[in-house]
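Beneath this line is the structure, given in structure tokens, with notes to follow.
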Amino acid sequence: MVIGFLSLLCLGLCLDCDHEQKNEKLPKPSLNALPRSVVERSSNVTLKCQCHVQNVTFMLGKLQDSGYRKEQSSAGHDAEFLLVNLEPKNAGTYFCAYKITGSHEWSEKSEHLQLVVTDGHDGPGASSIKTDTRIIFVTTFSCLIIFLLFPSVFLIYRCTQHDSSHEEANKRTSHSEFPQQEASDLSRPERVSLSTKDPQEGTYADLNMKAPSEAASVPAEEPPGSCECATLTA
């Protein structure tokens, strides 16, 4: 009785564990493109799907095409899906998933991978050439602007220096002429004053100069007593 009860209990626990494992979702894998996700037309690319479980079956799907489906079994942790002779129609959004051997439940889908197929003229090489051309154009244009800017600044500087020197020269000449004009203006009143003096002043001066000379030429008169003394003695 007890043995039968224990057997039923163990069977129930095992079924419950299996049910939980079925309901538990497997972790999602990762999807990468080798050598890159942007390829040229008629080239090949490898889409690599990886997970953390061994002995699984991988599936590759396309988001734009529900009928696109590729499966591959692997004893390891990854699987590689080779896409050859690519055309623009092969471009799109890809994803992958996996399931454990003997199970029908797929894991979560991986992150979407955008595959781009370009023409030979529009590939990465062409874009790099366009980028290089743009850089060369911008560099040349900048150098040209700088080359034209320096002479313009130099000419403006020379013009300002010439104007300032011309103004200083005019100021110096005006300052040098102004004292001469003042001196001439001051000398003119003196001349006018000398010419407008009273003519009688000149005659008075002449009379004053002549008076001493006339006084020297007139003999001094002898006193009357001196003559009488002379006759008596004689």
Side-chain angles (χ1 to χ4, degrees), residues 14-153:
C14 291
L15 292 176
D16 190 22
C17 290
D18 291 339
H19 182 70
E20 288 180 358
Q21 288 180 356
K22 288 182 179 179
N23 291 334
E24 183 181 357
K25 283 287 186 182
L26 296 172
K28 62 182 179 181
S30 61
L31 182 63
N32 299 312
L34 302 175
R36 55 182 176 270
S37 60
V38 180
V39 295
E40 295 181 3
R41 188 174 184 174
S42 301
S43 62
N44 302 333
V45 68
T46 300
L47 301 182
K48 187 175 182 179
C49 187
Q50 293 178 306
C51 69
H52 299 286
V53 184
Q54 293 181 343
N55 299 321
V56 295
T57 301
F58 290 95
M59 180 269 295
L60 180 67
K62 189 176 182 181
L63 192 62
Q64 290 84 3
D65 186 3
S66 58
Y68 184 90
R69 185 187 182 95
K70 288 185 177 182
E71 294 186 7
Q72 182 177 339
S73 298
S74 174
H77 297 277
D78 56 30
E80 295 182 352
F81 297 91
L82 179 62
L83 306 180
V84 298
N85 197 17
L86 293 173
E87 295 293 333
K89 65 180 182 180
N90 299 124
T93 305
Y94 289 84
F95 62 90
C96 74
Y98 68 95
K99 66 179 179 178
I100 299 175
T101 303
S103 175
H104 299 286
E105 295 291 332
W106 290 97
S107 67
E108 295 183 20
K109 295 179 181 179
S110 66
E111 298 291 338
H112 293 166
L113 175 68
Q114 186 69 32
L115 181 65
V116 180
V117 180
T118 63
D119 253 344
H121 301 290
D122 297 332
S127 63
S128 63
I129 292 172
K130 290 180 181 179
T131 304
D132 294 340
T133 306
R134 186 177 302 174
I135 292 172
I136 292 171
F137 175 76
V138 172
T139 305
T140 305
F141 185 71
S142 302
C143 292
L144 183 61
I145 291 176
I146 294 172
F147 180 76
L148 294 176
L149 182 62
F150 274 108
S152 302
V153 173

| Under a 4.5 Å cut-off applied to non-hydrogen side-chain atoms, are N32 and Q50 in contact? | yes
| request: With sequence neighbours excluded, give me every disulfide bond (SG atoms under 2.5 Å apart) pair touching residues 52-111. | output: C49-C96
| task | Tell me, please, which residues at least two apart from Q64 pass side-chain contact (heavy atoms from CB on, under 4.5 Å). | result | K62, T93
| request: Would you list the pairs meeting salt bridge (Lys or Arg N to Asp or Glu O under 4.0 Å) in which at least one residue belongs to residues 79-91, sequence neighbours left out? | output: R41-E87
| Can you name the salt bridge (charged side-chain N to carboxylate O under 4.0 Å, His left out) partners of K109, sequence neighbours left out? | none
| message | Ignoring hydrogens, what is the shortest heavy-atom contact between L148 and S152? Give both atom names and the distance. | response | O-OG, 2.9 Å
| Residue list, side-chain hydrogen bond (donor to acceptor under 3.5 Å, both in side chains) with H52, at least two apart or on another chain | none
| query | What is the distance from atom OH of Y98 to atom CD of E105, rounded to the nearest 0.5 Å? | reply | 12.5 Å
| message | Just to verify, what does E71 make a salt bridge (charged side-chain N to carboxylate O under 4.0 Å, His left out) with, not counting sequence neighbours? | response | R69
| request: Kindly write out the residues that satisfy salt bridge (charged side-chain N to carboxylate O under 4.0 Å, His left out) with E111, not counting sequence neighbours, or none if the list is empty. | output: K28
| Between CG of L31 and CZ of F95, what distance do you get to the nearest 0.5 Å? | 10.0 Å
| Excluding sequence neighbours, so at least two apart, what forms side-chain contact (heavy atoms from CB on, under 4.5 Å) with V45? | A33, V39, L83, L86, L115
| said: Please enumerate all residues that pass side-chain contact (heavy atoms from CB on, under 4.5 Å) together with A97, with sequence neighbours excluded. | reply: M59, W106, S107
| note | Hits for salt bridge (charged side-chain N to carboxylate O under 4.0 Å, His left out) against K48, two or more places apart or cross-chain, chain-then-number order -> D78
| task | Could you tell me the separation between the CG atom of L26 and the OG atom of S103, rounded to the nearest 0.5 Å? | result | 7.0 Å
| request: Look up atom OH in Y68 and atom OH in Y94, then write down how far apart they are to the nearest 0.5 Å. | output: 4.5 Å
Can you give me every donor-acceptor pair (side chain of residues 136-147, partner residue at least two apart or in another chain, under 3.5 Å) with its distance?
unit_1	atom_1	unit_2	atom_2	d
T139	OG1	I135	O	2.7
T140	OG1	I136	O	2.8
S142	OG	V138	O	2.8

| message | Does anything in residues 90-104 form a salt bridge (Lys or Arg N to Asp or Glu O under 4.0 Å)? List the pairs, not counting sequence neighbours. | response | none
| message | For L60 versus L47, what's the shortest heavy-atom pair and its separation? | response | CD2-CD1, 3.9 Å
| Hey, what do you get for CG (L82) to CG (L34), rounding to the nearest 0.5 Å? | 10.5 Å
